[in-house]
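Each remark here refers to the structure printed beneath this line.
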Amino acid sequence: MDGTTNAGAAGADRYPPAATTVGPRASLVMSLALGLLLGALSLLVMLPAAQHLRSLQDGERAQATLHTAGSCMAGHCQVKFEAGGRTVIADLPVGSGGGKQSVGASLAVRYQADDPRVVAREEDVGGGGAAVLAALSGGAALLFLTVAAVAAIFLARRPRSEA
(Lines give C-alpha, C1' and ligand atoms only; values in the text may rest on other atoms or scores of the structure.)
Protein backbone atom coordinates (compact mmCIF):
# COMPACT_ATOMS: atom_id res chain seq x y z
CA MET A 1 0.00 0.00 0.00
CA ASP A 2 2.45 2.50 -1.27
CA GLY A 3 -0.19 4.61 -3.03
CA THR A 4 0.18 3.08 -6.51
CA THR A 5 -2.46 1.06 -8.26
CA ASN A 6 -1.89 -2.08 -10.25
CA ALA A 7 -2.98 -1.12 -13.77
CA GLY A 8 -2.61 -4.61 -15.25
CA ALA A 9 0.02 -6.13 -17.45
CA ALA A 10 3.08 -4.11 -18.41
CA GLY A 11 2.49 -2.21 -21.64
CA ALA A 12 -1.27 -2.80 -21.59
CA ASP A 13 -1.95 0.91 -21.98
CA ARG A 14 0.23 1.38 -25.08
CA TYR A 15 -2.61 0.88 -27.51
CA PRO A 16 -5.92 2.62 -26.99
CA PRO A 17 -8.97 0.37 -27.44
CA ALA A 18 -10.05 2.15 -30.63
CA ALA A 19 -6.79 1.16 -32.35
CA THR A 20 -7.17 -2.54 -31.57
CA THR A 21 -10.83 -3.11 -32.43
CA VAL A 22 -12.55 -3.21 -35.78
CA GLY A 23 -15.33 -0.68 -36.06
CA PRO A 24 -18.74 -1.44 -37.54
CA ARG A 25 -17.95 0.32 -40.84
CA ALA A 26 -14.77 -1.71 -41.34
CA SER A 27 -16.65 -4.87 -40.41
CA LEU A 28 -19.35 -3.99 -42.93
CA VAL A 29 -16.87 -3.39 -45.74
CA MET A 30 -14.74 -6.47 -45.01
CA SER A 31 -17.74 -8.77 -44.65
CA LEU A 32 -19.34 -7.43 -47.81
CA ALA A 33 -16.10 -7.83 -49.78
CA LEU A 34 -15.50 -11.38 -48.52
CA GLY A 35 -19.11 -12.35 -49.16
CA LEU A 36 -19.04 -11.04 -52.72
CA LEU A 37 -15.66 -12.66 -53.42
CA LEU A 38 -16.76 -16.06 -52.13
CA GLY A 39 -20.07 -15.77 -53.98
CA ALA A 40 -18.23 -14.99 -57.20
CA LEU A 41 -15.94 -17.98 -56.65
CA SER A 42 -18.94 -20.21 -56.19
CA LEU A 43 -21.04 -18.90 -59.08
CA LEU A 44 -18.37 -18.05 -61.64
CA VAL A 45 -15.76 -20.78 -61.07
CA MET A 46 -16.93 -23.82 -59.14
CA LEU A 47 -20.49 -24.24 -60.48
CA PRO A 48 -19.35 -24.08 -64.13
CA ALA A 49 -16.53 -26.50 -63.27
CA ALA A 50 -19.02 -28.97 -61.80
CA GLN A 51 -21.24 -28.64 -64.89
CA HIS A 52 -18.24 -29.17 -67.19
CA LEU A 53 -17.23 -32.30 -65.31
CA ARG A 54 -20.79 -33.67 -65.54
CA SER A 55 -20.85 -32.99 -69.29
CA LEU A 56 -18.11 -35.60 -69.78
CA GLN A 57 -20.10 -38.48 -68.23
CA ASP A 58 -20.91 -39.89 -71.67
CA GLY A 59 -17.47 -39.16 -73.11
CA GLU A 60 -15.06 -41.69 -74.55
CA ARG A 61 -13.17 -43.74 -71.96
CA ALA A 62 -9.39 -44.16 -72.01
CA GLN A 63 -6.64 -45.35 -69.70
CA ALA A 64 -4.22 -42.49 -68.96
CA THR A 65 -1.14 -41.74 -66.91
CA LEU A 66 -0.59 -38.64 -64.83
CA HIS A 67 1.85 -36.62 -66.93
CA THR A 68 2.26 -33.53 -64.73
CA ALA A 69 1.32 -33.49 -61.05
CA GLY A 70 0.26 -30.41 -59.19
CA SER A 71 -2.84 -28.94 -57.62
CA CYS A 72 -5.46 -30.82 -59.63
CA MET A 73 -8.33 -29.06 -57.84
CA ALA A 74 -7.00 -25.78 -59.26
CA GLY A 75 -6.53 -27.30 -62.72
CA HIS A 76 -2.75 -27.74 -62.67
CA CYS A 77 -2.49 -31.44 -63.61
CA GLN A 78 -1.99 -33.05 -67.02
CA VAL A 79 -2.72 -36.56 -68.25
CA LYS A 80 -1.30 -38.49 -71.18
CA PHE A 81 -3.37 -41.04 -73.12
CA GLU A 82 -4.07 -42.50 -76.58
CA ALA A 83 -7.09 -41.22 -78.52
CA GLY A 84 -7.79 -41.90 -82.20
CA GLY A 85 -4.34 -43.41 -82.73
CA ARG A 86 -2.41 -40.43 -81.40
CA THR A 87 -0.92 -39.51 -78.05
CA VAL A 88 -2.74 -36.68 -76.29
CA ILE A 89 -1.49 -34.60 -73.36
CA ALA A 90 -4.40 -32.72 -71.84
CA ASP A 91 -5.03 -30.53 -68.79
CA LEU A 92 -7.40 -31.79 -66.14
CA PRO A 93 -10.09 -29.17 -65.46
CA VAL A 94 -10.61 -27.12 -62.32
CA GLY A 95 -12.34 -29.21 -59.69
CA SER A 96 -10.47 -32.43 -60.48
CA GLY A 97 -9.28 -34.76 -57.76
CA GLY A 98 -6.19 -36.94 -57.74
CA GLY A 99 -3.67 -34.30 -56.73
CA LYS A 100 -1.88 -36.64 -54.33
CA GLN A 101 -0.97 -39.13 -57.06
CA SER A 102 2.55 -39.15 -58.39
CA VAL A 103 3.62 -38.67 -62.00
CA GLY A 104 3.14 -41.90 -63.95
CA ALA A 105 0.15 -43.07 -61.91
CA SER A 106 -2.50 -44.82 -64.00
CA LEU A 107 -6.06 -43.48 -64.06
CA ALA A 108 -9.19 -43.75 -66.19
CA VAL A 109 -10.34 -40.62 -68.02
CA ARG A 110 -13.33 -39.52 -70.08
CA TYR A 111 -12.84 -37.19 -73.05
CA GLN A 112 -14.90 -35.60 -75.82
CA ALA A 113 -14.70 -37.64 -79.02
CA ASP A 114 -14.36 -34.55 -81.23
CA ASP A 115 -11.75 -32.87 -78.98
CA PRO A 116 -9.65 -35.26 -76.87
CA ARG A 117 -8.01 -32.33 -75.06
CA VAL A 118 -11.30 -31.84 -73.16
CA VAL A 119 -10.81 -34.51 -70.52
CA ALA A 120 -11.61 -35.36 -66.90
CA ARG A 121 -10.83 -38.17 -64.51
CA GLU A 122 -13.57 -40.79 -64.60
CA GLU A 123 -14.02 -40.45 -60.83
CA ASP A 124 -14.71 -36.71 -61.25
CA VAL A 125 -17.34 -36.73 -63.99
CA GLY A 126 -20.11 -36.65 -61.40
CA GLY A 127 -18.95 -33.13 -60.49
CA GLY A 128 -18.84 -34.00 -56.78
CA GLY A 129 -15.65 -32.24 -55.65
CA ALA A 130 -16.37 -29.05 -57.54
CA ALA A 131 -20.02 -29.08 -56.42
CA VAL A 132 -18.98 -29.47 -52.77
CA LEU A 133 -16.56 -26.55 -53.07
CA ALA A 134 -19.29 -24.48 -54.76
CA ALA A 135 -21.65 -25.23 -51.87
CA LEU A 136 -19.01 -24.46 -49.23
CA SER A 137 -17.96 -21.16 -50.78
CA GLY A 138 -21.61 -20.25 -51.36
CA GLY A 139 -22.41 -20.98 -47.71
CA ALA A 140 -19.45 -18.92 -46.55
CA ALA A 141 -20.60 -16.10 -48.85
CA LEU A 142 -24.04 -16.16 -47.22
CA LEU A 143 -22.44 -16.07 -43.77
CA PHE A 144 -20.32 -13.02 -44.58
CA LEU A 145 -23.22 -11.25 -46.30
CA THR A 146 -25.35 -11.87 -43.19
CA VAL A 147 -22.61 -10.36 -41.02
CA ALA A 148 -22.53 -7.37 -43.39
CA ALA A 149 -26.30 -6.97 -43.07
CA VAL A 150 -26.09 -7.07 -39.26
CA ALA A 151 -23.28 -4.48 -39.33
CA ALA A 152 -25.38 -2.27 -41.63
CA ILE A 153 -28.35 -2.50 -39.26
CA PHE A 154 -26.09 -1.67 -36.32
CA LEU A 155 -24.74 1.38 -38.16
CA ALA A 156 -28.22 2.53 -39.14
CA ARG A 157 -29.51 2.32 -35.57
CA ARG A 158 -26.60 4.20 -34.02
CA PRO A 159 -27.24 7.80 -33.04
CA ARG A 160 -25.71 10.27 -35.48
CA SER A 161 -23.54 11.82 -32.77
CA GLU A 162 -21.48 8.58 -32.55
CA ALA A 163 -20.91 8.29 -36.29
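For Tyr111, the ring pair (Phe, Tyr, Trp, His ring centres under 6.0 Å) test picks out Phe81, with sequence neighbours left out. When the side chain to side chain contact (heavy atoms under 4.5 Å, CB included) test is applied to Gln112, the partners found at least two apart in sequence or on another chain are Leu56, Asp114, Asp115, Val118. Partners of Val147 under the side chain to side chain contact (heavy atoms under 4.5 Å, CB included) rule, at least two apart in sequence or in another chain, are Ser27, Ser31.
Between the side chain of Ser42 and the backbone N or O of Gly39, no donor-acceptor pair lies under 3.5 Å.
Minimum interatomic distance between Ala62 and Glu82 (heavy atoms only, all atoms of both residues): CB-O, 4.2 Å. Across all their heavy atoms, Ala141 and Gly35 have their closest contact at CB-O, 3.3 Å.
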Checklist line | Worked check of side-chain contact (heavy atoms from CB on, under 4.5 Å) between Thr65 and Val79 | finding: CA-CA 6 Å; Thr65 57; Val79 292; over 6 Å; no
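The structure places CG of Leu92 at 12.0 Å from NE2 of His67, a figure rounded to the nearest 0.5 Å. The CG atom of Leu38 sits 10.0 Å away from atom CG of Leu142, with the distance rounded to the nearest 0.5 Å. Note that the CD atom of Glu122 and the CD atom of Gln57 stand 10.5 Å from one another [nearest 0.5 Å]. To the nearest 0.5 Å, atom CD of residue Gln78 and atom CZ of residue Arg117 are 12.0 Å apart. Put simply, CZ on Phe154 and CG on Leu28 are 11.5 Å apart, with the number rounded to the nearest 0.5 Å.
The hydrophobic cluster containing Val119 also contains Leu107, counting ILVMFWY residues as joined when their side-chain heavy atoms lie under 4.5 angstrom apart, directly or transitively. Hydrophobic clustering keeps Leu47 apart from Val45 (ILVMFWY residues linked when any side-chain heavy atoms are closer than 4.5 Å, directly or through intermediates). No continuous path of ILVMFWY side-chain contacts below 4.5 Å connects Leu53 to Leu133, so the two sit in separate hydrophobic clusters.
The shortest distance between side-chain heavy atoms of Thr87 and Lys80 falls below 4.5 Å. Side-chain contact between Arg121 and Cys77 is absent, with no heavy-atom pair separated by less than 4.5 Å.
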